[in-house]
Number of protein chains: 2
Amino acid sequence: MPLQLPPLTAIRVFEAAARQGSFTKAAAELGMTQAAVSYQIKLLEERVGAPLFLRKPRQVVLTEVGSRMVPMVTEAFGLLSEAYQVARAGSGGTLGISTVHTFASNWLAPRIGSFQLRHPNIAVRLDTSSYLVDFSREEMDIGIRSGSGKWPGLATHFLLRSQFSPMLSPRLAESIGGIKEPADLLKLRILNPADIWWKDWFAKANVPADALDRMPDTSLGSQAAEANAAIAGQGVTVLTTALFTAELAEGRLIQPFELTAHGGDYWLVYPEGRRNVPKIRAFREWIMAELNCPTDATVD
Amino acid sequence: MPLQLPPLTAIRVFEAAARQGSFTKAAAELGMTQAAVSYQIKLLEERVGAPLFLRKPRQVVLTEVGSRMVPMVTEAFGLLSEAYQVARAGSGGTLGISTVHTFASNWLAPRIGSFQLRHPNIAVRLDTSSYLVDFSREEMDIGIRSGSGKWPGLATHFLLRSQFSPMLSPRLAESIGGIKEPADLLKLRILNPADIWWKDWFAKANVPADALDRMPDTSLGSQAAEANAAIAGQGVTVLTTALFTAELAEGRLIQPFELTAHGGDYWLVYPEGRRNVPKIRAFREWIMAELNCPTDATVD
DNA sequence: CCCATACATAAGGCCATTTAATGGGTCGTG
DNA sequence: CACGACCCATTAAATGGCCTTATGTATGGG
């Protein structure tokens, strides 16, 4: 039996009226008319079965029944209010980020520290998965995904263009006397020959790449893993240039050609209606600044 | 600042949904449609700024934010419910009876004990005053008054017919050799010669009573006070017969003539809308039985 | 005695809430 | 694998609770 409750609007009004000792003042406090207060009190009195106020000349005073109700009602509303506030603030407690592995390890992880420094009260939970998170089923706040930038119900912000280009370790390049022209790459082991990006890139380089089809597929499932294999000199792979600036700068990988092809872009996404939730706004503004994006680059 | 509260209907629905772990079940519990529950939850989630439930295949489960809210919300509703119940029952706590002095001391007081025995959980507060209580200004539940039986906004029940007749102490009657005929009364001191009842009674007895006008008024303001004076042998007065059955039976007063005249009747009154408040019903049923009145003798 | 104040009441309208209907998704089952 | 059961979301339309405006009543102060 579901716990019998008084009419909530009425009792809310009652609480204010009891505190103020006046219907008129209560009405002012609640932003409604005195008539509405009178109506609600009367309603509650009928439900309770007893008068809650005595109507004295210039004021109303609580009856015994009324005054017995007040403390509990006040406390109850205090609790509700607190629960509400806590929930609203609490939503700023933890920021759940769902992102693809590559982006997490090659771009986000090295930089997320600066976000945490700026927002010490927001805890970050990083979750990497290969599928686009469903915000209604998983407790995530934002996602970073590559794709077309069109997802229904989600707000999207363009992060960076996924330019990719073949990369390999300098030692492997040396082992065949350096990479002079695109076709040289085919002399090496291609880590992920089935990857469509290879076809795109060779096409752009005007190099027939039928050979790719005959190579064994040894792809590892993520750019990060393949990058590691490449760094270890196991072969050559195509990688998103923006995500491996560190490896390129340190010489662990080289990008033999300026030529890049274009894949799906990276996007920041979150549920439409949550644009102004503080922690989401904070992250959005941070990442946009970090990437030098105009902050208004929103796509619907 | 008046303490920010969440939408109350929404949070009520939330509590049920959280407890049931299902929108459909919550809807059933609250007696509304599943769609309404969905709507309210969505509303609350927007206000809070964070999802409260994760929509899993066959059920909904609380998010972290949601589960933090539940305990406080549950407790708050518990308090509200308790306050409500207490108030409803608490209205059974004390029965405020406003009655005229005579009726209180001569009829009610000797009998009220039997009411209290039958309803040990109802405390009785007896207030005697000469005016008709205004239920909206004084914390009274029922009134007993004599009059026409017509009061706007009040439910009324006929209690007893106010038959009155001269009464005096047996010793006083003896002192003039007994009361043989109505005119004999005029030989004695009349305690309340200005009382209209004397005129009525003498008129009905076909005795000219001009002499009354020339007597000094020594009325004491209530039948009970005058009855005491009469018992003390200080004079003769008119009294409501039904209220002095004990004095008559014990011989402390005598009623020399069967002849009675009729004054305003006694009525039980209370605010229209409170007919079925337990304590009021209890008192009504008790007093009607005590007076052998048919319980349906209601007059509007 | 009149004005100011405070609550009660009546009539009417609006919007929040609800319902009904529909769709999408998952699970269990034959 | 198709089908039905179950559950939640969404849409549009209907309802009625709640509020406002307007007016009445009572009290107390000047």
- Item | Upstream residue (5' side of DNA chain C) when A:Gln59 and B:Val13 are each assigned their closest nucleotide |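 The answer here is A:Gln59.
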Separation of atom [atom1] in [X] from atom [atom2] in [N], rounded to whole Å:
X	N	atom1	atom2	answer
B:Met32	D:dT15	CE	C1'	15 Å
B:Tyr39	D:dC7	OH	P	24 Å
A:Leu54	C:dA6	CG	C1'	15 Å
A:Lys25	C:dT5	NZ	P	12 Å
B:Lys56	D:dC7	NZ	C1'	15 Å
B:Glu46	C:dA16	CD	P	13 Å
A:Arg137	C:dG24	CZ	P	14 Å
B:Arg12	D:dG17	CZ	P	16 Å

Check your understanding: Would you say the side chain of B:Arg19 lies within less than 4.5 Å of the side chain of B:Lys25, judging by non-hydrogen atoms?
Key ->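 A side-chain contact is absent here, since even the closest heavy-atom pair is not under 4.5 Å.
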_Pairwise side-chain contact, B:Arg12 with A:Leu5, heavy-atom cut-off 4.5 Å (strictly under)_ =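 Of all side-chain heavy-atom pairs linking A:Leu5 with B:Arg12, at least one is under 4.5 Å.
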Identify which nucleotide among [options] has an atom closest to any side-chain atom of [X], counting heavy atoms from C-beta outward.
X	options	answer
B:Arg55	D:dT20, D:dC18, D:dA9	D:dA9
A:Phe23	C:dA8, C:dG25, D:dC8	C:dA8
B:Thr24	C:dG25, D:dC19, D:dC7	D:dC7
A:Thr33	C:dC7, D:dT10, D:dC19	D:dC19
A:Ala35	D:dC8, C:dC7, C:dT9	C:dT9

- Would you say the ring centroid of A:Phe53 lies under 6.0 angstrom from that of A:Phe14?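 Under 6.0 Å, so yes.
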Taking only the side-chain nitrogens and oxygens of [X], find out if one of them lies under 4.0 Å from OP1 or OP2 of [N].
X	N	answer
A:Ser22	C:dC7	yes
A:Ser38	C:dC7	no
B:Thr9	C:dA16	no
B:Lys42	D:dT10	yes

Spell out yes or no: do the side chain of A:Gln34 and the base of C:dA6 have one donor N/O and one acceptor N/O closer than 3.5 Å?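 No, no donor-acceptor pair under 3.5 Å.
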Open item on the list: At 4.0 Å (heavy atoms only), tell me whether A:Val60 reaches a base, stays on the sugar-phosphate, or touches nothing.
Closed with: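 Sugar-phosphate, backbone atoms only, no base.
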**OP:** Select base, sugar-phosphate, or nothing to describe what B:Gly31 touches, counting heavy atoms under 4.0 Å on all strands.
**Re:**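 If one applies the 4.0 Å heavy-atom cut-off, B:Gly31 turns out to touch the sugar-phosphate alone, with no base involved.
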Practice task
Looking only at non-hydrogen atoms, find the nearest pair between A:Val13 and A:Met32 and report the distance.
Solution key: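 So the minimum-distance heavy-atom pair works out to CG2-CE, 3.3 Å.
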_Matching residue for A:Phe77 among A:Leu79, A:Thr74, A:Val73 - test: side chain to side chain contact (heavy atoms under 4.5 Å, CB included)_ =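 Going through the options one by one, the only one that passes is A:Val73.
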Note to self: For B:Leu126, I'd like to know if atom CG has over 12 heavy atoms of other residues, nucleotides or ligands within 6.0 Å.
What the structure shows: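 Atom CG in B:Leu126 is crowded, with more than 12 foreign heavy atoms closer than 6.0 Å.
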